[in-house]
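See below for the structure under consideration.
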Amino acid sequence: MLKESLYTLGVAAMVATAMGAEWETDFDTAKERAAAEGKAIIMNFTGSDWCGYCIRMKHSVLSTPEFEEYVKDKFVLLEIDIPRSKPVAAEEMQQRRELCKQYDVTGFPTIAITDAKGEVLGGFSGARPDVESTKIFLDNALVRRTMLAEARKQQGTERAKALMEVYESYPKTFRKAATALRNEIMQSDPNDETGLVQVAVAEAQMQELSDELAKHYRNYLAMTEIFDEYIAKAHPLNKERMMERKRDSVVFPCVNLMLRNAKNVEDVLKARDYVLKEAETSYPDHMKAEMIKALQEQFADPEALLKKVQGKK
């Protein structure tokens with residue numbers, strides 16, 4: 001009888017291990033569990049049947065015994081899947097897309113960590129290669145949860161300053177989703193001693209820029225005009241961010257395209273003239289001279305550069 005009991009327990013343990021950690025698919029259920037168990041929530045925004053990085057991270061991180069052991073006493077797991085082939089009811093897919101919008105998810109995979117009420121605590125975008133590099137973000141989110149609890153014990157401006165310290169510790173890509181925290185700080189700080197009002201104004205401008213750019217994706221001429229318009233009226237907190245984004249989104253892709261399609265030295269010189277002209281509006285004053293010099297050096301021998309780019313075709 002004892003042997004049979006031990007055998008039954010052993011089989012049960014093997015089945016539990018094979019099944020792995022339980023991932024919820026309903027946000028309300030995940031929040032109820034988190035509240036009842038005193039845990040935070042890991043939200044995995046994924047494209048399970050098309051996103052290669054999502055699939056890779058699931059196998060190398062999220063399904064590993066090491067990850068499951070780490071999260072079991074700390075987190076409720078929630079998968080927000082946006083598949084392309086798997087059938088999902090329209091209402092359910094709409095709810096998932098609303099969560100993507102709520103947590104400002106613009107790419108997959110994205111991991112968002114929240115408290116039991118759904119207040120964002122942090123996270124990361126893009127796949128992580130192993131459990132250790134993933135745990136850094138999860139640990140930071142738990143620290144942030146504790147900091148928030150301590151900050152909310154204070155009153156008035158001191159409360160606002162403590163909350164602002166937490167807000168500034170968020171990864172920048174998750175600050176937009178921290179709407180409730182921003183509102184809470186501003187209510188505690190009507191004279192803007194924390195400076196958050198200005199931060200909110202700046203972030204609203206960056207979002208407005210993103211919305212405009214999305215209307216003209218890959219139309220480099222239109223995107224250049226939009227960037228120049230917004231850089232000219234940029235909030236002080238945004239100007240260098242906008243310039244950097246212009247370089248990454250327009251200038252570098254465009255000059256690379258020109259060079260890849262170059263057929264003669266004249267085409268290389270056109271690319272050079274373009275990138276030097278755009279450097280005037282895509283680098284701040286303290287970087288401009290040095291970067292223009294570096295670009296001039298890069299194009300110092302147009303014939304050699306042409307041979308180099310043609311050799312890569």
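Remember, it's a predicted structure, so these values are computed and weren't measured experimentally.
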Side-chain donor-acceptor contacts of residues 293-306 below 3.5 Å, not counting sequence neighbours, with atom names and distances?
{"unit_1": "D301", "atom_1": "OD1", "unit_2": "E303", "atom_2": "N", "d": "3.4"}
{"unit_1": "D301", "atom_1": "OD1", "unit_2": "A304", "atom_2": "N", "d": "3.2"}

Sequence neighbours excluded and cut-off under 3.5 Å, please list the side-chain donor-acceptor pairs for residues 184-193, or say none.
{"unit_1": "E184", "atom_1": "OE1", "unit_2": "R152", "atom_2": "NE", "d": "3.2"}
{"unit_1": "E184", "atom_1": "OE1", "unit_2": "R152", "atom_2": "NH2", "d": "2.9"}
{"unit_1": "E184", "atom_1": "OE2", "unit_2": "R152", "atom_2": "NE", "d": "3.1"}
{"unit_1": "E184", "atom_1": "OE2", "unit_2": "R159", "atom_2": "NH2", "d": "2.6"}
{"unit_1": "S188", "atom_1": "OG", "unit_2": "E184", "atom_2": "O", "d": "3.0"}
{"unit_1": "D189", "atom_1": "OD1", "unit_2": "D192", "atom_2": "N", "d": "3.3"}
{"unit_1": "D189", "atom_1": "OD1", "unit_2": "E193", "atom_2": "N", "d": "2.8"}
{"unit_1": "D189", "atom_1": "OD2", "unit_2": "E193", "atom_2": "N", "d": "2.8"}
{"unit_1": "D189", "atom_1": "OD2", "unit_2": "T194", "atom_2": "N", "d": "2.7"}
{"unit_1": "D189", "atom_1": "OD2", "unit_2": "T194", "atom_2": "OG1", "d": "2.8"}
{"unit_1": "D192", "atom_1": "OD1", "unit_2": "G195", "atom_2": "N", "d": "3.1"}
{"unit_1": "D192", "atom_1": "OD1", "unit_2": "L196", "atom_2": "N", "d": "3.0"}
{"unit_1": "D192", "atom_1": "OD1", "unit_2": "V197", "atom_2": "N", "d": "3.0"}

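Listed by chain and residue number, nothing satisfies the salt bridge (Lys or Arg N to Asp or Glu O under 4.0 Å) test with K161 (two or more places apart in sequence, or in another chain). Residues satisfying the salt bridge (Lys or Arg N to Asp or Glu O under 4.0 Å) criterion with K31, sequence neighbours excluded, are D28. Considering only residues two or more places apart in sequence or on other chains, W50 meets the ring-ring contact (aromatic ring centres under 6.0 Å, His included) condition with F108. Checked against side-chain hydrogen bond (donor to acceptor under 3.5 Å, both in side chains), R247 has no partners two or more places apart in sequence or in another chain. For E92, the side chain to side chain contact (heavy atoms under 4.5 Å, CB included) test picks out V88, A89, Q95, R96, with sequence neighbours left out. For F137, the ring-ring contact (aromatic ring centres under 6.0 Å, His included) partners are F124, not counting sequence neighbours. Legend: residues meeting salt bridge (Lys or Arg N to Asp or Glu O under 4.0 Å) with E168, ordered by chain and number and at least two apart, are absent.
Among residue pairs with one or both ends in residues 81-102, none qualify as ring-ring contact (aromatic ring centres under 6.0 Å, His included); sequence neighbours excluded. The side-chain hydrogen bond (donor to acceptor under 3.5 Å, both in side chains) pairs that include a residue from residues 264-279 are K246-E278, where partners are two or more places apart or lie in different chains. Within the structure, salt bridge (charged side-chain N to carboxylate O under 4.0 Å, His left out) pairs that include any residue of residues 213-224 comprise E212-K215 (at least two apart or interchain).
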